[in-house]
Structure formats: C-alpha cells, structure tokens
Amino acid sequence: MEYNFKEIEKKWQQFWKDQKIYEVDIDKNRPKYYVLDMFPYPSGAGLHVGHPLGYIASDIFSRYKRSSGYNVLHPMGFDAYGLPAEQYAIQTGQHPAITTEINIKRYREQLDKIGFSYDWNREVKTCDPKYYKWTQWAFIQMFHHYYDNKANKALPIKELIKQFETSGTKDVDAACTKELSFTAEEWLNMSEKEQQEVLLNYRIAYLADTMVNWCPKLGTVLANDEVKDGVSIRGGYPVEQKVMRQWSLRISAYAERLLEGLDTIDWSDSLKEIQRNWIGRSEGAEIIFPVKDSDVEMKIFTTRADTIFGVTFMVLAPESELVGKIVTSEQKAEVDKYITDTKKRTERERLSEVKKMTGVFSGAYAINPLNNKEVPIWISDYVLAGYGTGAIMAVPAHDSRDFAFARTFNLPIIQVVVPEGEEPADVSQWDDAKDSKEGYLINSGFLNGLKVPEAIERTKEFIREKKIGDVKVNYRLRDAIFSRQRYWGEPFPVYYKDGMPYTLDESELPLELPEIDKYLPTEKGEPPLGRAKNWKTKDGYPLELNTMPGFAGSSAYFLRYMDPHNDQALVSTEANQYWQDVDLYIGGTEHATGHLIYARFWNKFLYDLGVVCKPEPFRKLVNQGMIQGRSNFVYRIKGTNTFVSYNLKKDYDVTPIHVDISLVHNDILDIEAFKKWSPEYKDAEFVLEEGNKYVCGWAVEKMSKSMFNVVNPDNIIEQYGADTLRLYEMFLGPLEQSKPWDTNGIDGVHKFLRKTWRLFTDREGKLLVSDDKPNRDELKILHRTIAKVTEDIERFSFNTCVSAFMICVNQLSELKCHKREILEPLLILISPFAPHITEELWHLLGHTSSIIDAPWPKSDDQYLKDDTVVYPVSFNGKMRFKLEMPADAKKEELEKAALEHEAANKWLEGKTVRKVIIVPGKIINIVVS
RNA sequence: GCCCGGAUGGUGGAAUUGGUAGACACGCAGGACUUAAAAUCCUGUGGCCAUUGCGGCUGUGCGGGUUCAAGUCCCGCUCCGGGUACCA
C-alpha cells in the first residue's frame with residue numbers, strides 16, 4: 001500500500017472533529033500556553049499560499065507544546081468588518097454581511113483542509129453582535145474614564161468630577177485635549193451642556209474638533225496608520241487635512257507606558273524599533289517668547305534649547321490659533337491668502353513639495369527671552385499644528401528646514417555651534433545647515449565655549465530659574481481617530497441630547513447595526529447610518545451615525561478567545577487568571593503601527609480597570625516573512641497584437657503584460673491556453689525563439705490577483721496533500737524571512753513523506769514494524785534527532801527541523817530499521833509538522849488515541865556523545881587531514897597524535913612548530929612557520 | 001535624509017557561543033531496475049588547476065583590520081529589502 005494522502009487526510013480531519021480533539025478548557029492541573037495567530041480579514045479572493053505560513057508555524061508550536069504537557073489555547077476567528085466588503089456592497093447592492101459570511105465559509109474550508117489544531121468552538125467574528133457587544137462595552141468604559149497623570153492610570157470620570165466640585169482644576173493633572181483652568185465655583189455654575197463639553201476634554205474616548213485625514217473618495221476619515229505617503233493604504237486614494245468633530249481615543253496618554261512596556265516583551269528588535277519611532281518620544285524644553293507690543297505669549301517646543309542664541313525668526317503653523325491674535329493689519333490680507341492656499345493643498349502635494357518652502361510674514365515680532373532680541377514671526381506650513389505647540393523657534397544655522405526657509409526669504413543666519421576641530425565659518429557660503437550634535441557654543445552669551453550637552457543643561461536650568469519655560473517630553477504619537485463615516489463597522493453605543501454625547505446603558509448592548517437601503521452617504525452628506533429608519537433611543541434621542549474603525553474589533557479579540565461564550569463579561573476573571581496573556585503571537589510586521597499599538601493600549605486600559613491581569617497582552621511575538629509571488633510576463637509589440645519571446649524582445653518596442661502563471665510552465669508559455677485566456681488574445685500572433693518556444697519574463701512581486709501570480713493552497717493540497725504543503729512551507733527557509741513562492745523543491749518533501757511511509761509498510765501494505773531491540777547506532781540516530789528537533793522548534797527554526805527529519809529517515813532507511821522503539825518516537829517528532837500521515841501510522845501501530853496527546857520524547861545524553869571524535873587537523877588555520885581520537889583523549893595525546901600522523905609530515909617539513917592550539921572535542925590547529 | 005534588516009554554489013538554504021564553509025533539498029549529469037514508462041535506488045556535482053595517483057590553489061557582496069583560527073567580531077564602502085520622514 002502506497003502513501004495515499006487524500007484518503008488519510010480526509011479520514012483524520014473527520015476523526016479530530018468527531019472526537020473534539022482540539023477543544024480545550026481550563027485545566028488547573030496543567031500549565032497553560034496560549035498560541036495566537038493574527039486573525040484574517042476574509043477577502044473575496046480566498047487564501048493564497050502566503051497566508052498559512054504563520055498559521056503552520058504556530059500550529060506546529062501548539063502541537064509541540066501540547067505534546068510537552070501544556071494545556072494549549074490555539075483559537076482562530078475572523079476580522080470581519082472592513083472596507084472591501086462595503087465597497088463591494090456599494091457596487092453590487094449585496095449586503096456586506098452576506099459576502100462576509102460567504103468569504104468566511106470559504107476561508108474556513110481552506111483552513112480546515114490544512115489540518116490546523118484550532119479550537120473552533122472559540123471562534124470569534126468581529127461583526128457578530130455577541131462579540132461586538134464587548135467592543136461597544138469597552139468604548140463605554142473609555143468614555144467614562146480619564147487618564148490621571150499622578151496615579152499614572154485610567155480612573156473613573158466620577159473622580160474627576162469630584163475634584164472639580166471641590167477645587168476646580170487646581171490639583172488636576174490629567175491627560176486632556178486643551179489645558180483648562182476653572183474654580184470649583186465656576187464648575188458648579190456651568191450648565192450641564194458646558195460641563196459635558198469640559199468632560200469631553202478629559203475622557204479617554206472623546207469627541208472633539210480635530211484635524212483629521214479626510215479621504216473624499218472613501219467618504220471617511222482615516223487614522224494615521226491607515227495613511228501612507230498622503231494616500232489611503234486601502235485603495236490608494238488621496239487624503240486631505242480637514243477639521244471635523246470626531247471620536248478619538250486618548251492613546252497619547254499611554255505613550256510613556258507603551259514605550260516602557262516594550263522593554264518587558266520578547267518581540268523582534270525591528271518591530272520594537274518601529275513602535276518606538278511611531279511613539280516618537282523626544283525630550284526638550286517648552287520656552288515662552290513674549291510677542292512685542294502685545295500680551296500674547298508664544299510657547300514653543302525645542303529639543304535644542306542651547307541653540308536659542310541662534311534664533312533669527314519664529315514660525316507658526318498656519319492652523320495655529322495664535323495666527324489671528326498676532327497678525328498685524330498691514331499683513332492680514334496676505335496671511336489670509338496664504339492660509340486659504342495651504343488649506344487647498346492636499347497632504348500629498350505638501351509631501352511632494354517638501355523642498356519648496358512657502359510662508360508669509362505675520363508682521364509681528366517675538367522677543368527672545370535670553371537676549372531680549374526681537375525676531376520676526378512667520379507663518380509656514382512646514383511647521384505642523386499637531387506636534388509640540390504648533391510653533392517653533394527657528395535656528396537656521398543648525399536646522400536644514402529653517403536654513404531652507406531663511407534662504408528662501410532672505411532671513412539672517414547665525415552660527416552658534418562649531419563642530420569639534422572646525423573653525424567658525426562664513427554662513428553665506430553654506431549650502432545647508434551645519435550639524436550641531438557635537439561641538440562648542442559661540443555667539444551665545446553666557447553659553448559661549450560650553451560643549452553641547454553642558455549647554456543644553458545650562459539653558460534648561462536658566463529657563464527654569466527665570467520661569468520662562470519648562471523641561472518637557474513630547475510624543476509624536478497622536479490620539480487615534482475613532483469615527484468612520486461608514487456602514488460596515490460597529491455602531492457607537494452613543495446618543496445625543498442637546499448636542500452632547502451620552503452612552504447607552506450597558507443593559508442595552510449590543511446596539512445592533514441597522515438595515516439600510518443603500519450603503520452610501522445621505523443627500524445631506526451624513527454617514528450611511530443616516531439612512532436607517534428609527535435610528536434613535538427608546539426615548540427618542542438620535543443615535544450616533546458614525547461607526548467604529550477596523551482596529552476596534554481586533555483590539556481585544558485575544559481576550560475574548562479566553563471566554564468566548566460569556567454574556568456577562570468580556571472575559572471572566574477566572575478565565576483571564578488562567579490564560580493570562582498570549583505566550584506566542586505570530587503575524588506580519590505590517591501591523592506594527594496599527595493593530596499592535598492599539599491592542600497594547602486597549603489592554604493597558606482594561607488592566608487599569610482591573611479587567612485583565614497582565615499589562616502587556618503579547619509576551620512573545622514572531623513576524624513571519626511575506627511569501628511573494630513570482631509573476632510571469634509576455635511582451636506585446638506596441639500597437640499590435642503580436643507577442644515576442646523574452647530573448648528576442650530587445651529588437652522591438654514592447655509593453656510587458658502580466659500573464660496568469662497557470663498558463664506558464666518553467667517560464668514557457670502555453671500558447672493555446674493563452675489564446676483562450678481572454679478574448680482579446682484569441683487572434684494573437686507570436687514571435688518564437690529556438691525550439692518554437694515562447695519564453696516569458698519573470699519578476700518577484702507581491703502575491704496578488706492583479707499580478708496573476710496567486711498560488712492557491714487548495715491546488716497544492718490536491719496534488720501533494722496538506723502534510724506536504726505544511727512541510728514545504730516550513731522547508732522554504734527561515735520563518736521570518738520573505739521569500740518568493742516557488743514549487744521547485746516541493747517534490748523533495750513529498751518524497752520524504754513517502755520514504756517515511758516505507759519505513760512502516762512494504763509495497764503490499766504489510767506492516768514491517770518489529771519489536772526488536774534497537775542497537776546503539778539506531779538509538780544514536782533517534783536521540784540526536786530528538787535533541788536537534790526539540791531545540792530547533794524552541795527557537796522557531798522549522799526549516800532545519802525538516803532537514804533533520806530527512807537525515808534521520810535517510811539513515812534509518814539505509815540501516816533498514818523498522819523497529820517500533822525507534823519509529824514511534826520519530827512519529828511523535830514529525831507529528832506537529834505532518835499531523836495526518838503520522839496519525840495514520842500511529843494508529844497502524846495499534847494506538848487508538850490521537851498522536852497529539854502522545855508525550856514528547858526526551859533525548860538521552862548517552863546517545864548524544866560519541867566514543868571517539870574525528871578531529872580536523874589544521875595548519876595555520878587550514879584544514880589538512882582528519883584524525884580520529886578517543887573522546888576522552890588528553891590535550892598532550894592529541895598534540896602528539898596530530899604531529900606524528902603521517903599526513904602531518906608534508907606540512908611540517910622545513911617548518912618550525914610555533915604553537916599547537918587544541919580545543920577538546922572541536923579542533924586541532926598547528927601553527928608553523 | 002534617518003533607523004532597522006540582509007547579501008553564502010545554477011536555485012532554496014545550513015553552519016546555534018569565532019573552530020572542518022556549502023548540511024538538507026531542488027536542478028543538472030551519469031548509471032541500475034524495466035519490453036517501455038512511472039516509481040524507486042546508486043554515483044557525481046562551488047570555481048580553477050592537476051587528473052596517472054595522492055592532490056593543490058581559491059572561495060561566503062567589496063576594501064582593510066583583530067585573531068592560532070573570521071560567513072561569524074571591528075572599521076570603511078557597494079547593492080538589495082523594510083520602516084519612517086518637514087516631529088523642531
């Protein structure tokens with residue numbers, strides 16, 4: 001009987017399902033281990049071979065941990081809300097819930113065929129009301145909490161109200177949108193509406209007028225991580241800046257904790273670095289510059305307070321509130337025009353014209369508090385309203401943007417830092433600002449002669465003494481815009497009374513997404529929910545029309561898996577205490593600045609509330625590399641329907657066109673199939689090369705439908721089986737590396753499985769396995785494999801595990817070893833990688849329970865050591881011959897044996913031995929000259 | 001620009017702490033079995049030179065260095081990939 005993967009895989013997948021093998025529960029007698037995959041967004045295209053890479057790795061690890069005695073939680077679900085389903089709904093009128101359900105079903109079928117050990121009983125879908133009830137619940141909690149900087153955690157907003165009632169803002173130190181100042185009396189005299197407005201300034205989930213990324217084409221605002229290079233990540237549509245009243249989450253309050261937490265978790269350095277950059281902590285000073293002939297003060301943030309004597313002008317962001325207060329009547333017209341002009345520029349235009357400086361003089365002057373000099377205040381969009389105070393002191397000599405601005409508008413430049421080993425230079429000769437990280441100060445009054453770090457300290461002291469500013473830490477991380485003007489997302493549990501937002505009572509959750517007639521904004525320009533009939537509370541108050549963004553549903557799903565059917569809480573204390581946190585999270589690095597920040601924030605908030613017991617949700621995180629596609633091209637001669645083969649194309653003017661890789665084998669085009677592929681090519685003609693072949697070009701690109709290079713796992717499974725797919729994806733190379741999909745090596749791993757099979761049965765299907773005692777050689781092969789594979793799984797080196805299996809099976813085949821004592825442990829080792837074939841053989845050996853619960857074999861040291869060591873003997877570092885010696889040979893014996901070996905003569909002749917280096921068990925190196 | 005990765009045969013890759021570079025697999029070449037094919041098995045396979053034999057030289061992107069010994073460590077570059085960018 002040959003290895004029949006089709007029958008075997010179907011049979012055992014059914015068995016696992018029937019026996020509920022993968023369902024887990026709290027078991028206090030066993031340690032827990034939580035292995036999580038980033039759940040997929042179920043797109044219409046289905047899974048391609050890139051998706052399962054991480055899933056296979058995590059599945060191997062889960063099975064390995066389970067076999068090692070852990071109670072393993074390994075769940076899966078679907079990130080089911082999102083833009084593509086809604087865009088599709090707009091085009092077809094089909095309800096996104098229907099397409100989403102169809103796509104999920106297809107994903108599920110594809111996943112099931114690969115043989116994953118998911119506990120599907122714990123499946124979550126973010127669009128399921130039973131699930132999003134808890135997304136809404138968390139939002140309500142955020143609405144009713146504020147961030148207390150003294151306690152350094154979220155506290156109930158009731159506490160803040162109490163403080164307002166007794167002492168106003170006097171002792172309040174809370175994260176807020178705008179610094180407010182009022183007395184208890186003033187607070188008590190405010191109307192309810194005014195009080196609510198004040199509270200929004202402190203709530204962790206708050207509504208405020210903020211500068212947002214507005215994408216007209218998608219008809220919605222986007223968060224910072226959803227925009228790149230001035231266009232939306234989904235769809236690539238232009239994005240502009242606009243002030244809108246939007247929900248935001250005060251994630252910036254957690255910036256420091258999000259940064260510090262990185263030091264406590266086991267993530268790749270690159271991922272941590274991306275998050276650190278995104279959080280963007282910078283230490284500096286806030287300094288107040290009074291405005292001349294006015295009581296307005298200009299507060300600026302700088303990391304280089306020491307260069308303050310080099311300030312020759314100030315710059316305000318066009319959006320800054322100060323602009324209106326300081327602009328002089330003579331300059332007003334010009335300033336207004338500039339502001340209108342900058343508003344019209346899209347984010348993309350701003351970015352593409354980085355080098356071109358624009359700006360306008362405000363007419364006002366600021367006074368440098370250190371030397372009392374007057375400097376002009378300019379307005380320019382190179383200063384961002386959202387960072388720091390939206391105003392800067394410009395030091396053109398040492399900042400290239402300020403330098404460019406000064407040159408454009410002919411403003412003076414004063415050098416204040418001279419780099420080590422240089423002389424003060426003539427600034428008019430410079431073509432860029434001078435680096436000022438190291439050096440000493442000049443033209444700087446009391447700072448003259450000081451080194452940069454000393455000067456920074458002195459300036460800070462001075463600022464504090466004179467009370468003209470303060471030392472301050474700034475973060476780049478902005479609050480997360482949380483509203484989307486979209487249909488297919490979680491509704492906010494919010495209604496409006498007198499224009500102010502209030503949350504629904506928890507008992508009214510979930511607030512279900514209503515049906516609407518069209519998935520488009522209303523005529524009045526309201527979001528799609530404006531079309532819903534009766535979209536109001538039972539008391540008649542209108543409900544929020546925005547929905548939540550994609551990251552809402554994925555921010556706490558890892559907690560829900562711990563207790564997915566609980567309708568009383570997001571997660572019970574008992575379940576959370578047991579499962580605690582994710583021990584291993586595998587997923588792509590593309591979520592570094594989105595999901596992985598939001599989820600950490602969300603978790604920390606719940607930690608502050610005492611809902612969860614761990615401050616960090618993902619203890620270890622491994623990024624799997626991308627599997628890229630290998631695309632093929634045909635070359636059409638411009639203006640014709642004639643295609644020219646790859647090696648002849650240089651003689652023609654051609655356009656490369658992607659061709660579906662299923663029409664190409666080893667880069668040779670199947671011409672007939674190509675003609676049938678599209679009516680456009682029915683009458684195509686071809687210029688062929690030698691052998692009448694049409695050779696295609698190729699490139700490694702992203703795997704995507706539009707490139708016609710998608711490889712579907714179902715086809716591979718059909719041809720080779722799931723076990724081969726699993727092994728091959730691992731064999732391809734290190735998990736974390738990106739690599740193009742190429743089926744060239746797949747025969748090798750398939751052959752390996754057949755070879756493994758043949759250790760157990762002969763051609764007729766008769767079991768060959770015997771109960772004979774294994775000899776030392778066989779035990780050595782086994783135990784070395786156990787040691788190697790165990791170690792390699794622990795360090796996520798799955799590709800080397802596969803080669804270790806191959807070596808082991810090759811050696812056992814050579815020895816014709818069919819002994820149970822060897823083969824049984826070997827099966828267990830292979831089972832996490834190839835669960836189906838090993839389950840079949842396991843049962844053939846007479847077992848009746850699943851191999852997944854067979855205890856992981858332990859290697860025995862006595863088989864790992866050899867009695868002898870084959871020493872490489874080198875002369876001056878070059879290996880010349882090998883010498884077999886007893887493992888316990890002394891250094892002197894080794895030296896003697898090496899020097900007396902006959903092969904050594906040749907290398908010793910006419911030379912003097914200077915030194916002999918012996919590393920026992922490793923190497924002998926003889927230094928001669 | 002800045003930050004982080006990476007570069008090893010025809011190909012994917014291995015070498016975990018500085019200690020035999022190229023494991024394992026693909027591909028290729030030759031052979032066995034077979035009427036034939038498939039399947040399977042065996043041999044060879046970095047380059048150059050010598051092949052009558054032992055063998056020798058060279059070789060991990062480039063240039064230098066440390067060391068008895070460097071793919072691995074240090075310095076300087078080149079190229080590729082990723083992140084980020086008027087962040088003061």
Do any side-chain nitrogens or oxygens of [X] fall under 4.0 Å of OP1 or OP2 in [N]?
X: A:Tyr387; N: B:A88; result: yes
X: A:Arg754; N: B:U40; result: yes
X: A:Arg758; N: B:C41; result: yes
X: A:Asn925; N: B:U20; result: no
X: A:Arg880; N: B:C57; result: yes
X: A:Lys915; N: B:C68; result: yes
X: A:Lys272; N: B:C4; result: no
X: A:Ser282; N: B:A88; result: yes

Mind calculating the distance between [atom1] ([X]) and [atom2] ([N]) to the nearest angstrom?
X: A:Ile279; N: B:U84; atom1: CD1; atom2: P; value: 14 Å
X: A:Ile807; N: B:A14; atom1: CD1; atom2: P; value: 13 Å
X: A:Asp269; N: B:G5; atom1: CG; atom2: C1'; value: 10 Å
X: A:Lys472; N: B:C87; atom1: NZ; atom2: P; value: 18 Å
X: A:Arg304; N: B:A88; atom1: CZ; atom2: P; value: 11 Å
X: A:Arg276; N: B:G83; atom1: CZ; atom2: P; value: 19 Å
X: A:Ile597; N: B:G83; atom1: CD1; atom2: C1'; value: 13 Å
X: A:Leu271; N: B:G83; atom1: CG; atom2: P; value: 12 Å

Measuring from the side chain of [X] (C-beta onward, heavy atoms only), which nucleotide among [options] has the closest atom?
X: A:Thr302; options: B:A88, B:A85, B:G13; answer: B:A88
X: A:Lys751; options: B:A88, B:U40, B:U20; answer: B:U40
X: A:Asp747; options: B:C86, B:G19, B:G27; answer: B:G27
X: A:Val927; options: B:C86, B:U16, B:C68; answer: B:C68
X: A:Pro734; options: B:C68, B:C86, B:A14; answer: B:A14
X: A:Met806; options: B:U20, B:C24, B:A88; answer: B:C24
X: A:Ile917; options: B:A15, B:C86, B:C68; answer: B:C68
X: A:Met879; options: B:G19, B:A15, B:U20; answer: B:U20

Quick check: on RNA chain B, is the nucleotide nearest A:Ile746 upstream (toward 5') of the one nearest A:Gly877, or the reverse? Name the residue that is more 5'. A:Ile746

Let me spell it out: for each of A:Gln737 and A:Glu273, pick the nucleotide of RNA chain B with the closest heavy atom. Which residue's pick is nearer the 5' end? A:Glu273

Under 3.5 Å on both distances, the Watson-Crick or G-U partner of [N]:
N: B:C77; answer: B:G61
N: B:A21; answer: none
N: B:A88; answer: none
N: B:U34; answer: none
N: B:U43; answer: B:A29
N: B:G9; answer: none
N: B:C2; answer: B:G83

Answer yes or no: is there an ion pair linking A:Lys882 with A:Glu884, defined by an N-O contact shorter than 4.0 Å? no

Under a 4.0 Å N-O cut-off, is there an ion pair linking A:Asp432 with A:Arg407? no

With rounding to the nearest 0.5 Å, note down the distance linking CG in A:Leu735 to CE in A:Met730. 6.0 Å

Rounding to an integer number of angstrom, what distance separates [N] and [M] when you compare their [atom1] atoms?
N: B:U17; M: B:A70; atom1: C1'; result: 14 Å
N: B:G81; M: B:C75; atom1: C1'; result: 24 Å
N: B:C73; M: B:G18; atom1: P; result: 8 Å
N: B:A21; M: B:U34; atom1: C1'; result: 41 Å
N: B:G9; M: B:G22; atom1: P; result: 14 Å
N: B:G31; M: B:G82; atom1: C1'; result: 48 Å
N: B:G59; M: B:G65; atom1: P; result: 14 Å
N: B:G71; M: B:U60; atom1: P; result: 7 Å

Could you tell me if the side chain of A:Phe752 sits less than 4.5 Å from the side chain of A:Ile830, heavy atoms only? yes

Contact check, side chains of A:Val375 and A:Met393, non-hydrogen atoms, under 4.5 Å: no

Within the structure shown, what part of the strands sits under 4.0 Å from [X] by heavy-atom distance: base, sugar-phosphate, or nothing?
X: A:Asn799; value: sugar-phosphate
X: A:Asn810; value: sugar-phosphate
X: A:Val919; value: base
X: A:Phe731; value: base

Going by the angle between their ring planes, with limits at 30° and 60°, are A:Phe405 and A:Phe409 parallel, tilted or perpendicular? tilted

Is the base of [N] touched by the side chain of [X] through a donor-acceptor pair closer than 3.5 angstrom?
X: A:Asn744; N: B:C26; answer: no
X: A:Lys788; N: B:U16; answer: yes
X: A:Lys922; N: B:U20; answer: no
X: A:Arg478; N: B:C87; answer: yes

Run A:Asp792 and A:Lys788 through salt bridge (charged side-chain N to carboxylate O under 4.0 Å, His left out) and show every step you take. CA-CA 6 Å; A:Asp792 285 359; A:Lys788 167 88 178 146; 3.0 Å; yes

Under 3.5 Å donor-acceptor pairs involving side-chain atoms of residues 804-813 of chain A, not counting sequence neighbours:
unit_1, atom_1, unit_2, atom_2, d
A:Asn810, OD1, A:Lys755, NZ, 2.7
A:Asn810, ND2, A:Met806, O, 3.3
A:Ser813, OG, A:Val809, O, 2.7

Under the 3.5 angstrom rule, does the side chain of A:Ser320 hit a backbone N or O of A:Leu316 as a donor-acceptor pair? no

Determine, for A:Trp267 and A:Arg600, whether the Lys NZ or Arg CZ falls below 6.0 Å from the six-membered ring centre while staying within 45 degrees of the axis. yes

Would you mind calling B:G9 syn or anti? Take O4'-C1'-N9-C4 for purines or O4'-C1'-N1-C2 for pyrimidines, and syn is within 90° of 0. syn

